[in-house]
Amino acid sequence: MTDADFVPWPDRLAARYRARGWWRGQTLGAFLRELAQRHGDRTALVCGSRRWSYRDLDEAADRLAAGFVRSGLRAGERLVVQLPNIAEFFTVCFACFRMGLIPVMALPGHRRAEIGAFCRDAEAAAYVIPDRHDGFDYRVLAREILAVAPSLRQVIVVGAAAEFTPLDALDAEPRTLAEPVAGDIALLQLSGGSTGTPKLIPRTHDDYLYSVRASVEICDFTADTVYLAALPVAHNFPLSSPGTLGTLQSGGRIVLLRRPEPEAACAAIAAEAVSHVALVPSLLLAWLDYVERTRPPLTSLRLLQVGGASLASETAARVEPVFGCRLQQVFGMAEGLVNYTRLTDPASVVLESQGRPISPDDEIRIVDDADRDVAEGATGHLLTRGPYTIRGYWRAEAYNRTAFSADGFYRTGDLVRRRPDGNLQVMGRAKDQINRGGEKIAAAEIEGYLLSHPRVRNAALVAVPDARLGERSCAFIELADANATEDLSQLALTLKLHLRDRCGVANHKIPDRIEFLDRFPLTAPGKIAKPQLRELAIKQTRSPI
Ligand code: OOB
C-alpha cells in the first residue's frame with residue numbers, strides 16, 4: 001500500500017478519536033480471537049443445516065489464513081470476494097483480516113463490468129466465488145474476468161471448482177502470522193457512485209470496529225440477539241450496522257438466508273427464534289404483504305431495521321402492527337456515516353425521520369450550492385466527517401478533490417434537513433444516481449455503456465418513481481441515425497442485450513425502460529435537462545418495454 005491508496009485522518013483528529021476511545025487499536029482478526037475466547041462454544045453462524053461456533057469460526061479463519069499464505073497471497077494484497085450469504089463469506093473475510101489481505105466486498109449480482117472494474121482498480125490478486133448461486137454459474141464469469149484482469153493469480157471456488165482452486169484445498173495447519181495494524185485498511189467497500197467508474201471505499205480496522213461497537217450499543221444487540229441476514233452480507237448495512245459483525249460482537253447468533261423471499265424468511269424466523277432483521281424498503285413491502293396475508297408466527301422478532309432507501313411514513317406505520325416488533329430507520333452509507341432512530345424515540349421520530357448519527361464526533365453540515373450553512377431546518381446538501389467516515393476513496397486523487405471538501409468533509413450527495421428534535425430527514429438527492437430498491441446505479445456509468453453502442457448518439461438515465469422499488473430507471477436515447485420505419489421496441493431490446501452481453505453489466509443496472517427522443521431538452525448552458533426527462537418519463541403512460 002502507498003500513501004496514494006488511502007487518505008488518512010489528520011493526526012490531530014486521529015489522536016482525538018483514540019483518546020476518546022473510539023479507535024482501540026484492535027484489528028478485525030483480533031476481534032474474532034477475543035470473541036472466540038469469550039463465547040467459544042456458542043453458535044455464531046447458522047448456514048442451512050450447518051452450525052458454526054465462535055471457536056469453529058476462529059479456527060477456520062486461522063487455517064484459511066495459513067492456506068492463503070501458502071498459496072502465495074501476501075499482506076496488503078487485495079482479494080475480491082463475491083459470495084452469497086453462506087458461512088464461507090465469514091471464514092474468507094476473517095482469514096483476510098488475520099493476515100492483512102484486503103477483501104473487496106462485491107455483491108452476488110455483479111457481473112463482468114463491475115467485477116472486472118473492481119479487480120483492475122484494486123489490482124486484485126485473487127477472486128473468490130461460489131460455483132453456482134441463484135441459477136448463475138460464477139465459474140463462467142471468472143473465466144471472463146481472468147481475460148480482463150491481468151493482476152489475478154487465483155480464482156477460489158466454494159464448491160465444485162472446475163479448473164480453479166477449491167476453497168477446501170486452501171486448508172492448512174495454522175501458523176503464526178504477522179498481524180496487520182488497526183490503522184491499516186481492513187476492507188474495501190463499494191460506493192453507490194455517481195461517476196462513470198465505481199469507486200472503492202477503504203475502511204480501516206479501527207474505524208469499522210468503532211462503527212460496529214457503537215451501533216451495537218444504540219441498537220441494543222446482546223448475547224440473546226438472533227440476527228437474520230436477509231440482505232447480501234457484504235453490504236455495509238447487514239455487515240456492520242450493527243449487522244452480522246455487531247451480532248458477533250454481542251455474542252449472538254447469525255442466521256444466514258440465501259434469498260430474501262418472505263416465505264423462507266418467515267420460516268427461518270420461526271425455526272431459529274430470530275429477534276433482529278434488516279431490510280430495504282422494497283423488501284419490507286413484500287414482507288408486509290406476505291405477513292398480513294398469511295399471519296406466520298413471528299413472536300420472537302424484536303427489532304426490524306429499515307434503510308438503504310427512502311421509507312414512506314405510511315409503510316413505516318404498518319411495521320409495528322403487522323410484525324409486532326419495533327421499527328428502526330437507518331440512513332447510512334458505505335463511506336461511513338450511519339444515522340439511526342433510537343429505540344426509545346417516540347413514534348413521530350421513528351416513522352418520519354431517518355435518525356441521527358452514531359457518534360458525538362460525527363460532524364454534520366447542511367449547506368447550499370456554495371457550501372454555506374443553510375438556515376436551521378432548511379434543506380441542503382449533507383456534508384460529514386468523523387471517526388468512521390473515509391477521507392478519500394481508494395486511489396482516486398483527482399476525484400477526491402470534488403467528492404470531499406478542502407477540510408475533509410465527505411459530500412454525501414444527499415439532500416437533508418434537520419428537524420428541531422435533531423433528527424435528519426432525507427429530502428432527496430443531488431447526485432446523479434438511481435436508488436432502485438436500495439441498489440444504487442450511477443447514471444453516468446450506464447450512459448457510458450449505452451454510448452458505446454454505434455446507434456446511440458446521446459443517452460440519459462433518469463429515476464422514475466415506482467410503488468414497489470421506490471425508483472426504477474428509464475434511459476432516454478437519441479439515435480445517431482433515426483430510421484422512421486424502425487421497430488423501436490426491438491431496438492430497445494437490442495440495447496438491453498448490448499448492456500448485458502457486450503458490456504457485462506449487472507442485471508439490476510439494465511434500464512427498466514428505454515425511450516427514444518429526436519432531440520433531448522437542454523438547459524441554458526447546454527446540458528441535458530434531466531428534470532424535464534424525468535417529467536416526460538412519468539407522463540408517458542405506455543407500459544414498460
Ligand atoms: C447504504 O449504503 P450505500 O452506500 O449502499 O448507499 C448510501 C446512500 C445514501 O447516501 C443515501 O443516498 C441512500 O443510500 N440511503 C437512504 C437511506 N439509507 C441510505 N436514503 C433515504 N433513506 C435512507 N434511510 O444504503 C447503507 C449503509 C449502511 C446502513 C444503511 C444503509
Undergrad: Quick test of your reading of the model: are Asp137 and Arg139 salt-bridged, counting only N-O distances below 4.0 Å?
TA: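 Counted as a salt bridge, because a side-chain N and a carboxylate O are separated by less than 4.0 Å.
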
Undergrad: Verify, without hydrogens or angle tests, whether Thr412 (side chain) and Asp414 (backbone) share a donor-acceptor contact under 3.5 angstrom.
TA: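 Yes, because the side chain of Thr412 sits within donor-acceptor range (under 3.5 Å) of the backbone of Asp414.
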
Undergrad: Starting from the C-alpha separation in whole Å, work towards a yes-or-no answer on side chain to side chain donor-acceptor pair (under 3.5 Å) for Thr494 and Lys496.
TA: CA-CA 5 Å; Thr494 303; Lys496 287 187 185 190; over 6 Å; no

Undergrad: For the backbone of Ser473 and the side chain of Asp512, can you confirm whether one donor and one acceptor N or O come within less than 3.5 Å of each other?
TA: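 The answer is yes, because a donor-acceptor pair under 3.5 Å joins these two groups.
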
Undergrad: Identify the two heavy atoms, one from Gly504 and one from Arg111, that lie closest to each other, and give their separation to 0.1 Å.
TA: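 For Gly504 versus Arg111, the nearest heavy atoms are O-CB, 3.3 Å.
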
Undergrad: Which pair of non-hydrogen atoms, one from His110 and one from Ala506, has the smallest distance, and what is that distance?
TA: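 So the minimum-distance heavy-atom pair works out to CA-CB, 4.1 Å.
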
Undergrad: Between Phe323 and Trp287, what is the ring plane arrangement, given parallel below 30°, perpendicular above 60°, and tilted in between?
TA: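 Aromatic pair Phe323/Trp287 classed tilted.
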
Undergrad: Do you know the tightest heavy-atom contact between Lys440 and His508?
TA: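 Here Lys440 and His508 meet closest at O-NE2, 4.4 Å.
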
Undergrad: How about Cys96 and Ile102: do any of their side-chain heavy atoms sit closer than 4.5 Å?
TA: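 When only atoms from C-beta onward are counted, Ile102 and Cys96 do not touch, as no gap falls below 4.5 Å.
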
Undergrad: Has Arg258 got a side-chain atom pairing as donor or acceptor with Leu256's backbone, closer than 3.5 angstrom?
TA: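 Side chain of Arg258 to backbone of Leu256, a donor-acceptor pair under 3.5 Å: no, none is there.
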
Undergrad: Which pairs pass ring-ring contact (aromatic ring centres under 6.0 Å, His included) with one or both residues in residues 240-279, sequence neighbours excluded?
TA: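 Those involving residues 240-279 are Phe221-His276.
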
Undergrad: As a quick check of understanding, evaluate salt bridge (Lys or Arg N to Asp or Glu O under 4.0 Å) for Glu447 and Lys530, giving each step before the final call.
TA: CA-CA 13 Å; Glu447 289 159 3; Lys530 285 206 168 176; 2.5 Å; yes

Undergrad: Could you state the interatomic distance from CG (Leu461) to CZ (Arg513), rounded to the nearest 0.5 Å?
TA: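 Going from CG on Leu461 over to CZ on Arg513, the span is 11.5 Å.
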
Undergrad: Charged N to carboxylate O under 4.0 angstrom, Glu88 versus Arg50?
TA: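 Arg50 and Glu88: salt-bridged.
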
Undergrad: With distance as the sole test, does Gln425 use its side chain to make a donor-acceptor pair with the main-chain N or O of Ser353 at under 3.5 Å?
TA: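 Checking the backbone N and O of Ser353 against the side chain of Gln425, no donor-acceptor pair under 3.5 Å is found.
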
Undergrad: Mind checking the CG-CD spacing from Leu141 to Glu114? Nearest 0.5 Å is all I need.
TA: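 Output value for this atom pair is 9.5 Å.
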
Undergrad: Tell me, do Asp362 and Tyr388 make a side-chain contact under 4.5 Å, heavy atoms counted?
TA: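 They are in side-chain contact.
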
Undergrad: Test side chain to side chain contact (heavy atoms under 4.5 Å, CB included) on Val233 and Met105; report intermediate values, then the result.
TA: CA-CA 9 Å; Val233 280; Met105 299 292 177; over 6 Å; no

Undergrad: Charged N to carboxylate O below 4.0 Å: is that the case for Arg356 and Asp345?
TA: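 Judged by the 4.0 Å cut-off on N to carboxylate O distance, Arg356 and Asp345 do form a salt bridge.
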
Undergrad: Taking all non-hydrogen atoms of both residues, which atom of Gly246 and which atom of Ser250 are closest, and how far apart?
TA: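 So the two residues come closest at O-OG, 2.6 Å.
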
Undergrad: Keeping Tyr340 on the side-chain end and Ser241 on the backbone end, is there a donor-acceptor pair under 3.5 Å?
TA: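 It does hold such a pair.
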
Undergrad: What orientation do His205 and Phe97 show, parallel under 30°, tilted 30 to 60°, or perpendicular over 60°?
TA: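 If you compare the ring of His205 with that of Phe97, the planes turn out perpendicular.
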
Undergrad: Indicate yes or no for a side-chain donor-acceptor contact from Arg42 to the backbone of Ala223 under 3.5 Å, with no hydrogens or angles considered.
TA: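 At least one qualifying donor-acceptor pair exists.
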
Undergrad: With respect to Glu471, which candidate in Arg429, Arg436, Gln433 satisfies the side-chain contact (heavy atoms from CB on, under 4.5 Å) definition?
TA: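 The single option meeting the side-chain contact (heavy atoms from CB on, under 4.5 Å) with Glu471 is Arg429.
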
Undergrad: For Thr225 and Ser275, work out which heavy atoms get closest and say how close.
TA: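 Shortest heavy-atom contact: CA-OG, 3.5 Å.
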
Undergrad: Quick one: do the Gln82 and Tyr127 side chains pair a donor with an acceptor below 3.5 Å?
TA: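 Yes, a side-chain donor-acceptor pair sits under 3.5 Å.
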
Undergrad: Donor-acceptor pair, Asn435 side chain versus Gly308 backbone, under 3.5 Å?
TA: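 Side chain of Asn435 to backbone of Gly308: a pair is present.
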
Undergrad: Answer yes or no: is there a donor N or O on one side and an acceptor on the other, between the side chain of Ser194 and the main chain of Asp432, under 3.5 Å?
TA: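 The answer is no, because no donor-acceptor pair under 3.5 Å joins these two groups.
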
Undergrad: Can Arg342 and Asp220 be said to form a salt bridge (Lys or Arg N to Asp or Glu O under 4.0 Å), step by step?
TA: CA-CA 10 Å; Arg342 302 306 200 257; Asp220 196 25; over 6 Å; no

Undergrad: So which heavy atom on Val81 is nearest to which on Pro103, and how close?
TA: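 Where Val81 meets Pro103 most closely, the heavy atoms are CG1-CB, 3.9 Å.
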
Undergrad: If only atom types and distance count, is the side chain of Arg213 paired as donor or acceptor with the main-chain N or O of Trp22 below 3.5 Å?
TA: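 At least one qualifying donor-acceptor pair exists.
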
Undergrad: As a test of understanding, state which of Asn85, Val46, Leu245, Leu248 forms a side-chain contact (heavy atoms from CB on, under 4.5 Å) with Ile254.
TA: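 Running side-chain contact (heavy atoms from CB on, under 4.5 Å) over Asn85, Val46, Leu245, Leu248 with Ile254 returns exactly one hit, Leu248.
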
